[in-house]
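Letters A, B, ... mirror the listed sequences (proteins, then strands); counts begin at 1. Treat the numbers as computed from the prediction; the structure is a model and nothing was measured.
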Number of protein chains: 2
Amino acid sequence: MNQPITAADKTFIALRDDIVEGRIEAGSKLSETELSTKFAVSRAVIREAINRLESCHIVERKANVGARVVALSPQGLIELYQVRESLEGMAARLAATNMTDQEIADLGALLQSHFDEVKGGESYYQEAGDVDFHYRIILGSKNKHLISMLFDGIYHLVRMYRVQLGMAGPRVTTAYDEHKHIVQAILNRDAELAEMLMRRHILYSKNSIEHKLS
Amino acid sequence: MNQPITAADKTFIALRDDIVEGRIEAGSKLSETELSTKFAVSRAVIREAINRLESCHIVERKANVGARVVALSPQGLIELYQVRESLEGMAARLAATNMTDQEIADLGALLQSHFDEVKGGESYYQEAGDVDFHYRIILGSKNKHLISMLFDGIYHLVRMYRVQLGMAGPRVTTAYDEHKHIVQAILNRDAELAEMLMRRHILYSKNSIEHKLS
DNA sequence: ACTTGCTATATTGTCGACAACTTAGTGTTA
DNA sequence: TAACACTAAGTTGTCGACAATATAGCAAGT
């Protein structure tokens with residue numbers, strides 16, 4: 001679903017963004033009738049949107065009771081990063097084998113542009129840039145399941161945590177070095193090393209976040 | 001959803017089983033009206049079931065066109081096992097830390113019962129036993145996302161491949177030894193080793209399957 | 001006062017009908 | 001003959017109404 005077609009698509013995305021960006025607060029109940037008036041669509045559309053959100057683990061549903069936005073907890077964030085470490089590590093491993101030379105070259109160029117920004121003192125693009133970097137490596141794995149799990153599931157949840165626990169981009173400069181080494185490993189087609197470095201990279205990121213939370 | 005409550009729950013499970021067990025063939029189109037008469041429920045219920053199946057990657061939907069059962073391919077199976085290797089490796093790692101002594105003891109007992117069966121020449125329980133073993137380790141990770149991704153998503157797909165590509169339980173005896181070593185690593189609370197062994201175990205399993213397919 | 005059971009209300013689950021879209025088929029034109 | 005436009009049939013998307021279930025409030029009894 002690169003671009004929304006049906007009303008259910010649009011409602012799903014709008015509702016997801018409302019939740020991820022915190023305009024609908026974590027843990028709150030989602031009333032179908034209320035949402036159907038708010039978005040000016042029928043309850044059937046709302047129900048489909050909520051069902052999809054449940055598949056993303058953004059809301060939880062109980063039969064005959066209703067849906068609630070998931071509650072955020074430090075433990076939840078840690079679990080999320082454990083899954084990220086696992087999946088993105090594998091993605092980096094596969095990317096080292098499956099990315100085309102052109103894709104790797106583009107990735108290097110992206111990294112260079114990040115370096116220029118960081119050197120120039122701009123931190124604005126920092127998070128978007130980080131996401132873009134990971135994005136490309138995940139795509140580079142060429143593994144459908146991996147891509148879908150991370151993009152459709154994990155990443156929105158990670159973003160939800162980031163926004164709501166209020167953590168603007170940390171670790172700009174060190175993260176840049178880590179990114180550089182990962183690209184180098186992929187360039188060398190060293191799958192083993194690429195996976196290790198990516199796992200470390202995410203582990204450090206997790207530790208940094210844990211530190212901020214305590 | 002441990003036990004189905006609503007009609008949509010039951011229909012989802014029934015439809016999923018029909019697909020996984022091959023009674024609805026891979027790649028075929030799912031007509032909403034047709035299914036609604038077959039299961040004697042309204043189209044709304046069928047649509048919800050199909051939506052859930054889409055989330056599991058068991059069917060693919062295109063807007064205004066319809067849903068098809070996914071097509072099976074050797075490449076698809078390989079990708080699935082890559083994800084399994086990644087996630088279950090992490091599960092074993094976490095299980096080594098998070099399982100209680102009691103849970104580990106139970107796991108050891110389960111393994112012993114498998115040994116007795118294998119020694120007794122019974123191969124009937126082999127697949128169920130293998131699933132049960134992995135099941136417990138995944139639960140032992142205590143990681144909600146990991147558990148849900150594997151049980152709700154990957155495992156049904158793996159089973160679909162197994163059934164439809166017609167591979168009854170392979171590697172009984174060697175798999176037993178691998179299981180034994182994994183339990184030993186968990187017992188020693190050696191997270192690093194537990195992950196490695198689990199990854200190897202699944203990798204071997206993948207190689208065995210690839211060999212059968214060629 | 002506390003529990004129990006009923007009732008009223010509100011919410012979710014299910015249904016059948018209509019609207020919007022896709023696609024296959026037909027006929028027309030260059 | 002090939003390409004295009006249009007029509008008609010069938011499928012999916014959306015809607016509003018009804019049925020089933022859960023919850024809160026009140027009443028009655030111990």
Name the orientation class of the two ring planes belonging to A:H179 and A:H134 (parallel below 30°, tilted from 30 to 60°, perpendicular beyond 60°).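 Perpendicular.
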Would you call the rings of A:H57 and B:H145 parallel, tilted or perpendicular if under 30° counts as parallel and over 60° as perpendicular?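 Ring orientation of A:H57 relative to B:H145: perpendicular.
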Over the length of the helix from C:dA1-D:dT30 to C:dA30-D:dT1, how much do the five-pair end axes diverge, rounded to 10 degrees?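 The angle separating the two end axes equals 10°.
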side-chain hydrogen bond (donor to acceptor under 3.5 Å, both in side chains) partners of [X], counting only residues at least two apart:
X	result
B:R136	none
B:Q3	none
B:S36	none

Got a donor-acceptor contact below 3.5 angstrom from the A:D17 side chain to the A:A14 backbone?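 No.
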Sequence neighbours left out, what pairs pass side-chain hydrogen bond (donor to acceptor under 3.5 Å, both in side chains) with at least one residue falling in residues 64-73 of chain A?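 Every candidate side-chain hydrogen bond (donor to acceptor under 3.5 Å, both in side chains) pair involving residues 64-73 of chain A fails, so no pair, neighbours aside, qualifies.
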Nearest-Å distance for atom pair CD/P, residues B:E54 and D:dT12: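 About 13 Å, once rounded to whole Å.
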Using a cut-off of 4.0 Å between protein heavy atoms and nucleotide atoms, how would you tag nucleotides 13-24 of chain C 5' to 3' with B, S and -? BBB-B---SSS-
So with a 6.0 Å cut-off around NZ of B:K142, is the heavy-atom count from everything else above 12?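 Check passes, neighbour count above 12.
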